[in-house]
Each structure stands twice: as structure tokens, then as C-alpha cells.
Amino acid sequence: MKQYLHKLFTQAFTQLQAQGDIPQDVSVEIHLERTREVRYGDFACNIALVLAKAVGMRPRDLAARFVEQLPSNDPSIAKVEIAGPGFINIFLTSQAYHAVIDEILTTKAVYGRSQLGAGKSVMIEFVSANPTGPLHVGHGRGAAYGAALANLLIVAGFKVHKEYYVNDAGRQMDILATSIWLRYLELCGETVTFPSNAYQGDYVWDIAASLHRQHGDALRHSSAKVFENIPADVDQGGDKEQHIDALIERSQQLLGEVSYQLVFQKGLEIILDDIRRDLEQFGVVYDQWFLESSLLVQTAIDELKAAGHTYERDGALWFRSSEFGDEKDRVLVRDNGQFTYFASDIAYHKNKFERGFDHLINIWGADHHGYVARVKAALMALGADAERLKVLLVQFATLYRGKERLSMSTRSGEFVTLRELREEVGTDAARFFYIQRKSEQHLNFDLELAKSQKNDNPVYYIQYAHARISSVFRLLQEKGLTWEHNSAMLSRLDTDGREQALLLKLSRYPEVIETAAQAYEPHQLTYYLLDLAQNFHTFYDNKQHKVLIEDQELRNARLSLIAAVQQVLRNGLTIIGVSAPEVM
RNA sequence: GCGCCCGUAGCUCAGCCCGGAUAGAGUGUUGGCCUCCGAAGCCAAAGGUCACAGGUUCAAAUCCUGUCGGGCGCGCCA
């Protein structure tokens, strides 16, 4: 509808230009807006206000010229008014609104689909937490946001590829492997002083136990040997990093390549499986799990080197990122010969670009924002169009239980994992709460509220609307009645009351999809669904609007109306990853 | 110190990108509605210097500058 009106105004504009009312050198972007109040019609256009100065006419007079150019007998336009300082208000016919119901009921799950994306491909990388432990509630927000955004972009006409980048190489993984092995040694009966910088979680015990079941004492070494000449840990007055690094090296020595890899892979497999299962149960699935270990980091570095964007200093290899807009240069290869995390990231993003996606989206935690400039710098240095990469930063979520702020520390043992959150509040509520806020907004996640099955919980409010409609159709059957959709009967619906309000809301759905997709803001959809649900509840509770009534025509018209509402609720809930229950 | 995000009703937040008509929701508070298709619901009332100060504009919550307050980031960590 909006697009249609836009076309009419564009035609009017060119017509006025042709007639000489508007100078040839004036151009303008035509904005049509939904009005806030019914007395201003359905759509308003401020073009006359915008152009008045350039044209040298009073806004209201110019508006009148525009109105003259609009078709006078258009079946979807009831009337056009000039109001206030010079707004052109357009009132649609009820016929135009009834067409919306027809469209929803015929296109069903496809209603709201847009050609905005024009089949362009988008790769979304999200969560990508290190496989060194279970996902925590912080990752949950990235997961919910990424999955909803992916769905939204699909509906908006993009081809979407969802990817999880697995950091299966690097020091953190070595720390994990070493942690597992030390726990394993304890299970073998060795006395071990567990390093302060190792992974403390219970899941490390579980992995160690699994290892022990499978291999018995085959990987055992005496703890005296393991800790021989190892620099002291921080609580012994030493340095925790040096302590753990020395232990990693010792593990590799004592176990040898093959056995060390056995421990390492065991840890990786178990944790990755756990993460994958966790996300699946959260309704988040990926097209690809990309392994860092499959990257050709050296190749990427060589390419930068060959292009003259690197130099050596203090035994390390640096990238001149400051020449590409970063605030300073960055290290690629440390003086000990190891690649930095940044080096892998360059190789990964180079790889992404080479796979030929039209757009790349990274969803990162807000603490990574310092990283954006350097990754883009590297891409520019490699000759890639860094504009194709969009990094969306997601702010942290703070958990509350009512008024009480929950500690997120690993040690507290309270609600650190996504799984625990899901088990307490359920997937639907969790998914909804995570994306209800703009992603760059700090999120206060109240567990009490999410669990509440009362009127204060927005998820249930929307789902309830859906279930209520299902219930009407169940009752319809029980009464032995049937529903027949008939466009002509829709004229029995009111044109200025609650039925009209619902029609209006339904007609806006495609616009919401487009603006939400364009802005990468699925939260807009949650607000829309709340509005739609509210409109429905208001309609439903009014004694004047009973659905299952004697009057067959009106009954069918109202059934068509609520069937359309239910369809749109379902479509929207599907995008944000929340179920649409028939009963609750 | 520099960079990014945020500041709107008691509380949690939309609206800001792209300036427009009386600034919106939920929750909380107060009052009303179940012989009637689901009360997990509906209706009504009260509640605002849009952090502050300038600027641009016919018009500023929205754009620009500065100040104040909160969060985060500024490693040869990942």
C-alpha cells in the first residue's frame, strides 16, 4: 500500500515538474508516513512542507497542486485532505483494507515477505563462543538476536547463511586441554594443585571422567614430574600466566603429540557437542560450523607482507593498521612465533570475503568494539571492500531476580549457563526477553518477570491472543458450525471501531518487516506483535464483537478477521523464535 | 586521556537513523468489568523541565556543539 502511494506521489511530482509548477532542478525524496491518529487519515505526506521554500509557494497551496494530480477515482483511496501547515492526508477505503485479509488468508505463512533483499546473500556469524566451556547467559543474547535477525532477513528476501566460528586453536584451548588432563590425574589418584588460571568448572571434571573411563590410567604421569620446576602460581607469589603456560608445555612433553591431541580433541568434541545441543534446544541452528584450525593464517599474513603492509619490530611482526584508520598498529606474529588471535581473524574474514557473500554481518559482544577498526583495516589492506562487513555490537545482559541483581561470576554458580536460564524460564520467554530491547541497549533480564504467568509477561500476552483465537475455532467446530471466507462479507465489519483498528494493524505488518530488516532490529517486531495482540484482546473482550453469533455473514467476516490476526501473530512469532500455542 | 554505547513516566523501555500535528507502551498505583466465544483478559484515572546548556530550523525527544551522569573498550589476552 505504502509503495503504491509512493508511486502515485512520484508521478504527481514529475507531472508538476513537467507543467512548470516545480523547477526542474528541484529533487526530493518522498516520505509517506503512517499517521498517529485516525482523523489525519491513514498516510500523511509532508512533501509540500519540504518543497515549499524551493518552489516559492505556500505549503498549503503547493499541497493543493499535488492533490489535483492524484487520481480522483482510485478504488483504494477514499479521500485526500490538506491539513495543518500543509500535510497531505490520505484516507484509504475500507475496500483497500479488506484486501489485506484476502491477502493474508491466501498467502498465509508468506504474508509479509518482502523483495527488499532481492535475493542478495548475507552471512551472519554469531555467538562463536570459545569451546572452552558451556554457553552462559551473555551468549544467549547474541544467539537470540542472531537467530531472529537471520529469520527476519530471510523473510525480507535475503539468502542467509548462518555460521559459528569455532576457536579450536590457540592458547585458550591448550589451557582447557591441560585443565582436563590435571583433573584426570586427580581421578587417577594423583595430588594436584589446580592452577588458578585453569578452567575451574565442573564440566572439566566430567570430561576428565569420561577420559578416565575410556583410557584408564594410560595417560597417567606422576604429579611430581608434572610440577617439577614449574614457576609458581599467583597464590604462591608467582605469575599465573607463566604458571599455566609452563604446565601446557609440560603436558605436551610428557604426553607426546598423539596423547596430547587425544585429550585436546576429547575436550573440544564434548564441549562443542554440548554447545550445539544447547543452541538447538534454544531453537538456534547453523548452516556451518567453521573451524579456526582449517584456516590458512600464514597465507593471509604473507599476502599482507607482500603488499608491504607489515614490518618487524622487537622480534614481532606488525601490521600497519594505523594506515587504514585504526588508532595504532597491531601485532600479527608474536616474538615467540605464535600467531595472535587477530591474525586468525584476518584469515577468517579474508576467507569470508572469498566465499562471495554480498553482505557480511558479525554479531559481537560490546566488549569487542575495539576490534572493529582493526579487522576492517586488515580487509582494506587486502583490497576487500570493508563496507560489505557490518559489525553489530550487542550490549551485555544483566540478570535480575526481581530487585536482586545476580552475580554473573563463574564462581557464584548461580545462573551462569544458558541452559540453566532456559530450564528456569523456558525457551519462549528467554528468546523474547533477549530481543525485546534494541541490541545496543543494556538489557536487564528479570527472571521473575520472564517466569511470570500473569498479565505482566509480554510473551504470554501475545501467545494468549493466538491461543484464544484457536479456542474460538475449536468452539466453532463443537457447535457444528463452519467458517467460509468470503471477501464480499468483509464489508460487514465496522469501519471506525475495533475491527478497523485490527485491519489497520494487520496492513502494517509488511512495513514493519521491511523497516526492522533494514535496521537489523528484530525488537521492532516484538513491539508490533504486542500492539497487534493488544488490538485483538480489546476487540475480543468487547461484548459488541462476539464472533460466534447467529448472523452468518458477520460471523464469517469476523472469523476471517481473527484468522488473519492469528496468521500474522504466528508469522511474527516464528521470526523471533517463539512458539505459537493452540492452548496454554 | 581517547573511542564506542546509553540518559524519555516511580520502574523497564519504544520513538531518534529520515525533524512535523496533543511524546507512546508495559509494569507499578487507584477505581471499575466474569449468569456472556479463555479474567494469562478488558476499561478508566493519575503519572513527563524527553539529563543539562547553547545552536540550526517555519518546526527539535529527533540534527550540530559543549557539559554532566552511567556502561564498555583502549595488551606481543582470547
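Computed from heavy atoms alone, side chains included, the values below leave out hydrogens, waters and symmetry copies. Proteins come first, then strands; the chains are lettered A, B, ... in the order of their sequence lines, and each starts at number 1.
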Trainee: Could you work out, with ring-ring contact (aromatic ring centres under 6.0 Å, His included) as the rule, every residue matching A:F536, not counting sequence neighbours?
Mentor: A:Y540
Trainee: At a cut-off of 3.5 Å, list every protein nitrogen or oxygen paired with a nitrogen or oxygen from nucleotides 14-17 of chain B, distance to 0.1 Å.
Mentor:
{"residue": "B:A14", "atom": "OP1", "partner": "A:K438", "partner atom": "N", "Å": "3.3"}
{"residue": "B:A14", "atom": "OP1", "partner": "A:Q441", "partner atom": "NE2", "Å": "3.2"}
{"residue": "B:A14", "atom": "OP2", "partner": "A:Q441", "partner atom": "NE2", "Å": "2.8"}
{"residue": "B:G15", "atom": "OP1", "partner": "A:H523", "partner atom": "NE2", "Å": "3.3"}

Trainee: Partners of A:Y528 by ring-ring contact (aromatic ring centres under 6.0 Å, His included), sequence neighbours excluded?
Mentor: A:Y509
Trainee: Can you give me the dot-bracket string for RNA chain B, 5' to 3', counting Watson-Crick and G-U wobble pairs with both distances under 3.5 Å, using [ ] for crossing pairs and | for partners on another strand?
Mentor: (((((((..((((......[...)))).(((((.......))))).....(((((..]....))))))))))))....
Trainee: For atom C1', what is the distance between B:G55 and B:A60, given to the nearest Å?
Mentor: 11 Å
Trainee: Among residues at least two apart in sequence or on other chains, which ones pass side-chain contact (heavy atoms from CB on, under 4.5 Å) with A:A366?
Mentor: A:Q395
Trainee: Tell me which pairs pass salt bridge (charged side-chain N to carboxylate O under 4.0 Å, His left out) where either residue lies in residues 553-569 of chain A, with sequence neighbours left out.
Mentor: A:R492-A:E553, A:E499-A:R558
Trainee: Provide the full list of salt bridge (charged side-chain N to carboxylate O under 4.0 Å, His left out) pairs with a residue in residues 512-525 of chain A, sequence neighbours left out, each pair given once.
Mentor: none
Trainee: Is a salt bridge present between A:D541 and A:R468, judged by a nitrogen-to-oxygen distance below 4.0 Å?
Mentor: yes
Trainee: When rounded to the nearest Å, what value does the distance between P atoms of B:G26 and B:G41 take?
Mentor: 11 Å
Trainee: Give me the atom names and distance for the closest heavy-atom approach of A:F339 to A:Q298.
Mentor: CZ-OE1, 3.2 Å
Trainee: Only pairs at least two apart or in different chains count here, so list each salt bridge (charged side-chain N to carboxylate O under 4.0 Å, His left out) that has a residue in residues 315-325 of chain A.
Mentor: none
Trainee: Going by ring pair (Phe, Tyr, Trp, His ring centres under 6.0 Å), name the pairs with one or both residues in residues 462-483 of chain A, residues two or more places apart or in two chains.
Mentor: A:Y464-A:H537, A:F473-A:W483
Trainee: Please work out which of the three classes, parallel, tilted or perpendicular, describes the rings of A:W289 and A:Y164, given edges at 30° and 60°.
Mentor: parallel
Trainee: Under a 4.0 Å N-O cut-off, is there an ion pair linking A:K505 with A:D531?
Mentor: yes
Trainee: If the C1' atom of B:U67 is compared with that of B:G7, how far apart are they to the nearest Å?
Mentor: 14 Å
Trainee: I need a per-nucleotide contact map over nucleotides 72-78 of chain B, read 5' to 3'. Cutoff is protein heavy atoms under 4.0 Å; write B for the base, S for backbone only, - otherwise.
Mentor: BSSSBSB
Trainee: Considering only atom P, compute the distance from B:G3 to B:C64 and round it to an integer number of Å.
Mentor: 15 Å
Trainee: Using a strict heavy-atom distance below 4.0 Å, which residues from residues 547-570 of chain A are in contact with RNA chain B?
Mentor: A:V547, A:L548
Trainee: Could you tell me how the ring of A:Y527 sits relative to the ring of A:H523: parallel (under 30°), tilted (30 to 60°) or perpendicular (over 60°)?
Mentor: perpendicular
Trainee: Under the side-chain contact (heavy atoms from CB on, under 4.5 Å) test, which residues partner A:Q500, sequence neighbours left out?
Mentor: A:Y97, A:D494, A:L503
